[in-house]
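First comes the structure, then the notes that go with it.
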Amino acid sequence: MATRYDPLIAEPKWRAAWDSAGLYEATPHDDAGDAPKAFVLEMFPYPSGRLHVGHVRNYAIGDVIARHKRAKGYNVLHPMAWDAFGMPAENAAMERGVHPGKWTYANIDAMRAQFQKLGLSLDWSREFATCDPEYYGEQQRLFLKLMEHGLVYRKASKVNWDPVDQTVLANEQVIDGKGWRSGAAVEQKDLTQWFFRITEFADDLLDGVQTLNAWPEKVRTMQANWIGRSEGLQMRFEWAGAHARQGASAKRRSKLKISDGRKTLLESAPIAVFTTRPDTLFGASFIALSPDHPLSRDLAAIDTEVAAFRDQCAALGTSEEMIEKADKLGYNTGLFVRHPFEDRILPVWIANFVLMGYGTGAIFGCPAHDQRDLDFARKFHLPVYPVVRPNDADATFSVGREAYTGPGVIFNSDFLDGLDIQTAKVAAMDKISERSLGEKTINFRLRDWGVSRQRYWGCPIPVIHCDTCGVVPVPESDLPVRLPDDVGFDKPGNPLVHHPTWSSVECPICSAPARRETDTLDTFVDSSWYFVRFASEADKSERAYWLPVDQYIGGVEHAVLHLLYSRFFTRALHRIGEVDLPSGEPFAGLFTQGMVTHETYKAEDGRWLSPTEVDRQVDTWRETATGKPVDVGAVEKMSKSKRNTVDPDVIIGEFGADVARFFVLSDSPPERDVEWTQAGVEGASRFAQRVWSVFDALPDPVDRITATGTSDLRKFSHK
RNA sequence: GCGGGCGUGGCGAAAGUGGUAAACGCAGCGGACUUAAAAUCCGCCGGCCGUAUGGCCUUGCCGGUUCAAGUCCGGCCGCCCGCACCA
């Protein structure tokens with residue numbers, strides 16, 4: 001008797017069978033026999049409260065791999081946990097008066113139930129949340145150990161301040177000059193912050209990128225670009241004196257002459273400059289300092305014009321549009337330095353296009369062979385000396401509006417004349433180091449990772465500030481430093497600061513009254529080692545057995561952030577002896593899946609409408625409630641703001657989890673975006689029905705399969 | 001500007017190392033079943049000519065290599081993503 005496939009009966013039945021058999025629990029190394037291991041992991045979710053279709057796709061892809069490995073006889077680890085610290089919990093607390101912890105754990109319960117309905121082959125026995133004190137306590141222990149080994153430190157620096165979330169952001173978390181979560185324009189602020197010494201591993205992180213053959217090329221490139229290694233020369237320009245600048249008023253000229261402050265400056269250290277083009281040194285016509293360069297600050301202190309210029313630069317802001325549109329601004333300091341090879345002097349300017357964050361915050365300007373320098377020189381009437389000419393040009397070669405940056409022959413350059421660029425670089429560097437004016441240097445774009453956050457819902461940084469003993473680590477026996485439960489969210493800023501008693505402690509060394517650190521750790525720290533915790537809570541041989549993750553699956557939006565931090569963390573953990581992972585690479589294979597997209601719908605009055613609020617009538621779409629026509633817009637990533645999301649629970653309730661999973665896997669290749677359509681899901685459902693009827697039509701499926709080695713099933717299914 | 005990726009029917013897309021382009025699915029059309037509809041099943045479904053056997057054309061564009069090119073090479077065009085005043 002033919003039956004119809006009813007996922008609402010079939011799916012719970014088999015889920016219960018898998019659970020009671022403990023089918024998906026990973027086997028510890030010692031009991032695994034000869035089976036090779038496979039650690040399959042999807043990026044763990046933030047417990048926002050609801051699963052979305054993007055989750056379904058991400059975890060369905062990982063589940064296919066995990067099941068395939070299991071079928072091939074691997075000992076598979078495929079666990080699940082919760083990336084549970086973060087701002088949304090605090091926002092919920094402020095908006096609704098719920099405690100962030102209560103909110104988070106309730107969300108976890110809801111989402112766990114949804115996950116279980118999806119029928120994934122997960123090992124739930126290793127589940128945890130990063131906001132569990134056991135988890136963040138261990139993280140605090142690691143933090144202190146990293147500190148002992150000099151991989152964590154505190155320094156005052158200019159930081160990215162998000163005025164909406166009221167917290168500091170790492171460089172990686174500032175996108176187009178805006179906070180990655182809040183979208184607010186990021187401000188620069190001077191604060192004392194905790195840093196992870198990620199630059200210590202810059203070279204190694206870059207070399208490692210080369211070995212990651214099972215990563216998407218795109219992600220490898222993004223990592224390499226972010227680390228941004230460049231070889232060059234760091235050199236010094238010695239002071240030559242101060243002169244009134246051209247065009248300055250008589251009054252100002254006299255002021256410049258008599259300034260004692262300037263004299264002192266001229267006795268200070270020479271100006272350090274980083275360059276990748278020492279071959280063009282003979283083309284140098286000025287020096288430019290960043291407005292944030294210490295010298296610019298010193299000058300501002302004694303010269304109100306400099307101070308005004310710095311303010312002008314600061315007012316331009318740091319956002320992308322600003323930088324794009326920004327004119328080259330310059331201020332001539334009236335100071336001069338000596339050219340290293342020739343008997344001439346170069347004026348020292350302050351220029352807005354020089355970044356303090358890269359190199360030394362000062363450059364030598366070679367207008368003929370650098371577009372920015374050329375724009376600057378043309379604007380401020382500085383000389384342009386061509387020193388590289390194309391191979392087919394003669395000595396009359398000159399530069400107009402475009403700098404020449406291509407290959408060629410060096411000329412107008414004394415001992416470098418006639419050399420090609422590469423040879424000239426080496427020759428110039430040799431001469432500079434011979435004269436003790438500089439040395440070959442490797443510069444990285446990568447900055448140390450600022451991890452202090454002025455928020456409540458995160459891992460407390462386990463240190464104590466004592467007036468006499470300074471910064472004192474919390475003794476290991478006092479870990480974890482727990483978050484207090486009784487906090488208020490009525491005042492802006494960090495609730496930990498406003499707590500009446502939490503930060504008051506005794507100094508562990510001298511017992512004097514002291515203060516707890518109130519900053520918490522960036523939540524990216526939590527996600528930088530969770531895969532280690534999955535392998536084992538403490539057993540190092542078990543960690544060595546499971547790591548690295550063989551196949552990692554997640555969105556490409558973490559191409560730099562999470563993946564770079566994790567690669568740093570495993571290296572650091574290896575160094576301090578917590579993890580035995582010589583390669584330092586946490587993820588042997590990486591797969592970045594495409595997004596789930598959906599059509600967007602807009603009502604006549606401009607409201608976004610959800611797919612459940614519209615109906616299709618022949619060729620036109622109408623709003624169900626009003627019957628009015630609907631504007632069908634672009635297919636876009638599902639998002640709350642455009643309201644083009646679909647609820648996985650509704651789909652699962654109607655078609656079953658297998659259909660939802662089959663659709664997101666089969667409609668488009670996993671690495672590409674998939675457009676969610678009702679018709680597509682119905683097609684997937686029909687397919688599932690057909691599979692069922694093929695199987696159902698077998699005379700005696702179970703007997704035939706075992707007796708004849710699947711031949712009947714094959715025949716039927718091929719037919 | 002720099003870097004990475006992509007371009008195949010009405011749509012999502014298949015085509016290990018060059019070897020029958022368009023598998024599979026969606027939508028569409030025709031048919032069976034039904035009083036009817038839904039569901040299910042069967043057939044057709046890149047373009048042009050032809051009643052048909054069949055012929056010609058077709059993988060963004062132009063050219064090249066080859067017995068043979070979606071696939072390899074050169075040059076364009078277009079789209080997507082990332083980074084960007086990084087010295």
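Keep in mind that what you see is a predicted model, and the values were worked out from it rather than measured. Note: hydrogens, waters and symmetry copies are ignored here, and every other heavy atom, side chains too, is used. First the proteins, then the strands, lettered A, B, ... as listed; each starts at 1.
- Nucleotide C86(B) holds its P atom 9 Å from the CZ atom of Phe353(A), rounded to whole Å.
- Distance CG (Asp373(A)) to C1' (A87(B)): 7 Å, rounded to an integer number of Å.
- Taking the salt bridge (charged side-chain N to carboxylate O under 4.0 Å, His left out) definition, one finds that Arg661(A) meets it with Asp63(A), sequence neighbours left out.
- Distance Phe237(A) CZ to A87(B) C1': 12 Å, rounded to the nearest Å.
- Centroid-to-centroid, the aromatic rings of Trp349(A) and Tyr331(A) stay 6.0 Å apart or farther.
- Using modelled atom types, no side-chain atom of His369(A) and backbone atom of Cys366(A) make a donor-acceptor pair closer than 3.5 Å.
- Separating the CD atom of Gln678(A) from the C1' atom of G25(B) is a distance of 16 Å, rounded to the nearest angstrom.
- Of the residues near RNA chain B, Ser666(A) and Arg445(A), the one whose nearest nucleotide (by heavy atom distance) lies more toward the 5' end is Ser666(A).
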Can you give one letter per nucleotide of nucleotides 26-33 of chain B, 5' to 3': B if a protein heavy atom sits under 4.0 Å from the base, S if only from the sugar-phosphate, - if neither? SS------
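- Of all nucleotides listed (A87(B), G12(B), C85(B)), G12(B) comes nearest to the side chain of Asp667(A).
- A search for salt bridge (charged side-chain N to carboxylate O under 4.0 Å, His left out) contacts involving Asp522(A) returns Arg453(A), not counting sequence neighbours.
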Donor-acceptor pairs under 3.5 angstrom involving side-chain atoms of residues 204-216 of chain A: please list them, not counting sequence neighbours.
residue, atom, partner, partner atom, Å
Asp204(A), OD2, Arg571(A), NE, 2.7
Thr211(A), OG1, Gly208(A), O, 2.7
Trp215(A), NE1, Phe587(A), O, 2.7

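- Whole-Å rounding puts the Phe663(A) CZ to C24(B) C1' distance at 15 Å.
- For Asp279(A), the salt bridge (charged side-chain N to carboxylate O under 4.0 Å, His left out) partners are Arg277(A), not counting sequence neighbours.
- Comparing the P positions of G63(B) and C85(B) gives a spacing of 42 Å, expressed to the nearest Å.
- C67(B): Watson-Crick or G-U partner is G19(B), with both key distances under 3.5 Å.
- In this structure C29(B) sits in a base pair with G43(B), meeting the Watson-Crick or G-U test at under 3.5 Å.
- Taking the C1' atom of each, U53(B) and G9(B) are spaced 26 Å apart, rounded to whole Å.
- When the P atom is compared between U66(B) and G18(B), the two are found 16 Å apart, to the nearest whole Å.
- Nucleotide A52(B) has no partner under the Watson-Crick or G-U criteria, as no pair reaches both atom distances under 3.5 Å.
- Taking atom C1' on both nucleotides, C67(B) is separated from C42(B) by 42 Å, rounded to a whole Å.
- Spacing between G3(B) and G55(B) at atom P, rounded to whole Å, works out to 48 Å.
- G9(B) has its base syn relative to the sugar, with a glycosidic angle deviating from 0 by at most 90°.
- Applying the ring pair (Phe, Tyr, Trp, His ring centres under 6.0 Å) criterion to Phe353(A), with sequence neighbours excluded, gives Phe376(A).
- Taking a 4.0 Å limit (strictly below) on heavy-atom distances, residues 208-222 of chain A reaches RNA chain B at Glu217(A), Lys218(A), Thr221(A), Met222(A).
- To the nearest angstrom, C1' of A87(B) lies 14 Å from CG of Asp375(A).
- Comparing the C1' positions of U59(B) and A23(B) gives an interatomic distance of 15 Å, to the nearest angstrom.
- Note on Arg672(A): every side-chain N or O is 4.0 Å or more away from OP1 and OP2 of C6(B).
- Between Glu238(A) and Arg236(A), no side-chain nitrogen of the basic residue sits less than 4.0 Å from a carboxylate oxygen of the acidic one, so the salt-bridge criterion is not met.
- Nucleotides A52(B) and C41(B) are separated by 29 Å at their C1' atoms, to the nearest Å.
- Residue contacts for Val674(A): at a heavy-atom cut-off of 4.0 Å it reaches no nucleic acid atom on any strand shown.
- A straight line from CG of Asp370(A) to C1' of C86(B) spans 11 Å, rounded to a whole angstrom.
- Here the separation of C76(B) from C26(B), taken at their C1' atoms, is 35 Å to the nearest Å.
- Ring centroid separation for the pair Phe237(A) and His339(A) does not come in under the 6.0 Å cut-off.
- Taking the salt bridge (charged side-chain N to carboxylate O under 4.0 Å, His left out) definition, one finds that Arg372(A) meets it with Asp370(A), sequence neighbours left out.
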Let me check something: any side-chain donor-acceptor pairs from residues 671-681 of chain A under 3.5 Å, sequence neighbours excluded? List them with distances.
residue, atom, partner, partner atom, Å
Asp673(A), OD1, Met595(A), N, 2.9
Thr677(A), OG1, Gly680(A), N, 3.0
Gln678(A), NE2, Glu682(A), OE2, 3.4

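- Between the CE atom of Met595(A) and the P atom of C81(B) there is a distance of 8 Å, rounded to whole Å.
- Across all strands shown, G1(B) is found opposite C83(B) as a Watson-Crick or G-U wobble partner, with both distances under 3.5 Å.
- Taking every side-chain heavy atom of Asn225(A) into account, G3(B) is the closest of A13(B), G3(B), A87(B).
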